[in-house]
Amino acid sequence: MVTTHKISAELYDDSFKLIAMHCGLESYAMAYHLNKSAELQLARCEKDLDVSATSFPIYEWKDEINDHYWTLVCNTVKEEKESESLGLFSNERAINTFHLLEERKEVDYFLKVEADDNSVINEAVKKINLIPKVVTAYSLDVAALKSKGNLIF
């Protein structure tokens with residue numbers, strides 16, 4: 001007799017808050033502006049987040065004083081590949097776009113915050129919206145996301 005083990009969704013700890021950000025900055029510039037304006041200390045992780053055969057850059061900071069964990073992740077990654085084709089235009093380049101959360105394609109970055117206090121999130125959103133290159137930033141309801149499993153890392 002074979003025993004089947006299933007991993008329940010209840011085992012995942014999804015007690016985090018999510019801030020969505022719309023802007024045209026590169027990931028390193030976004031991390032810089034967040035560190036400067038929101039008084040964070042985000043640093044690039046050595047290992048990227050691998051999802052669906054592509055890698056998403058991650059910046060993180062463990063605030064040990066306030067017991068908060070901040071993670072900046074890019075929602076959109078574009079990869080350029082050479083496509084071999086016969087004919088006049090051989091070796092054309094194709095750009096493939098991947099999204100971490102498919103249902104939120106319009107969002108450029110997510111700031112994942114593991115904190116119990118909602119005032120921390122509200123204060124962070126206010127500071128992020130003051131960054132000149134940020135179009136808008138707002139808090140997202142994590143429970144409403146279909147692919148929130150991609151944010152558990």
Quiz item: Do L111 and M21 come close enough that some side-chain heavy atom pair is under 4.5 Å?
Solution: yes
Practice problem: Inspect the surroundings of CG in N66 and state if more than 12 heavy atoms from other residues, nucleotides or ligands are less than 6.0 Å away. | Solution: yes
Quiz item: Linking I/L/V/M/F/W/Y whenever any side-chain heavy atoms sit under 4.5 Å apart, do Y69 and L40 land together?
Solution: no
Quiz prompt | Heavy atoms of other groups near K62 NZ, more than 12 under 6.0 Å | solution = yes
Self-check item: Within-4.5 Å side-chain heavy-atom neighbours: V120 and W70
Solution: yes
Quiz prompt | Heavy-atom side-chain contact between N75 and D108 under 4.5 Å | solution = no
Exercise. Can you see which heavy atom on E103 is nearest to which on S147, and at what distance?
Key: OE1-OG, 2.9 Å
Quiz item: Can L100 be reached from F16 by stepping across I, L, V, M, F, W or Y side chains whose heavy atoms are under 4.5 Å apart?
Solution: yes
Quiz item: If you round to the nearest 0.5 Å, how far is CG of L72 from CG of N35?
Solution: 9.0 Å
Quiz item: If you round to the nearest 0.5 Å, how far is NZ of K127 from CD1 of I19?
Solution: 11.0 Å
Self-check item: Approximate separation, where rounding is to 0.5 Å, of Y28 OH and C74 SG
Solution: 12.5 Å
Practice problem: Give the minimum heavy-atom separation between E26 and Y109, together with the two atoms involved. | Solution: C-OH, 3.0 Å
Quiz item: Restricting to pairs with a member in residues 32-58, which pass ring-ring contact (aromatic ring centres under 6.0 Å, His included), not counting sequence neighbours?
Solution: none
Quiz prompt | Beyond-backbone contact of L101 with L145, side-chain heavy atoms, under 4.5 angstrom | solution = yes
Quiz item: Hey, does V134 have a side-chain heavy atom less than 4.5 Å from the side chain of M30?
Solution: yes
Quiz item: How close do V125 and S139 get, heavy atom to heavy atom, and via which atoms?
Solution: CG2-N, 4.3 Å
Quiz item: How far does NE2 of H68 sit from CH2 of W61, to the nearest 0.5 angstrom?
Solution: 9.0 Å
Exercise. Using the ring-ring contact (aromatic ring centres under 6.0 Å, His included) rule, collect all pairs that involve residues 110-146, keeping only residues at least two apart or in two chains.
Key: H22-Y138
Quiz prompt | Heavy-atom side-chain proximity of V77 to P57 below 4.5 angstrom | solution = yes
Practice problem: State the CG-CD1 distance between L42 and I58, to the nearest 0.5 angstrom. | Solution: 11.5 Å
Self-check item: Minimum side-chain heavy-atom gap L34-I131 below 4.5 Å
Solution: yes
Quiz item: How long is the span from the CG atom in L140 to the NZ atom in K112, to the nearest 0.5 Å?
Solution: 14.0 Å
Exercise. Take atom CD of E106 as the centre, draw a 6.0 Å sphere, and report whether it contains more than 12 heavy atoms from other residues, nucleotides or ligands.
Key: yes
Contacts under 3.5 angstrom, residues 43-50 side chains, donor-acceptor by atom type, not counting sequence neighbours:
{"residue": "R44", "atom": "NH2", "partner": "D48", "partner atom": "OD1", "Å": "2.8"}
{"residue": "R44", "atom": "NH2", "partner": "D48", "partner atom": "OD2", "Å": "3.2"}
{"residue": "D50", "atom": "OD1", "partner": "S55", "partner atom": "OG", "Å": "2.6"}

Exercise. Return the minimal non-hydrogen interatomic distance between T76 and H99, and the atom names on each side.
Key: OG1-ND1, 3.2 Å
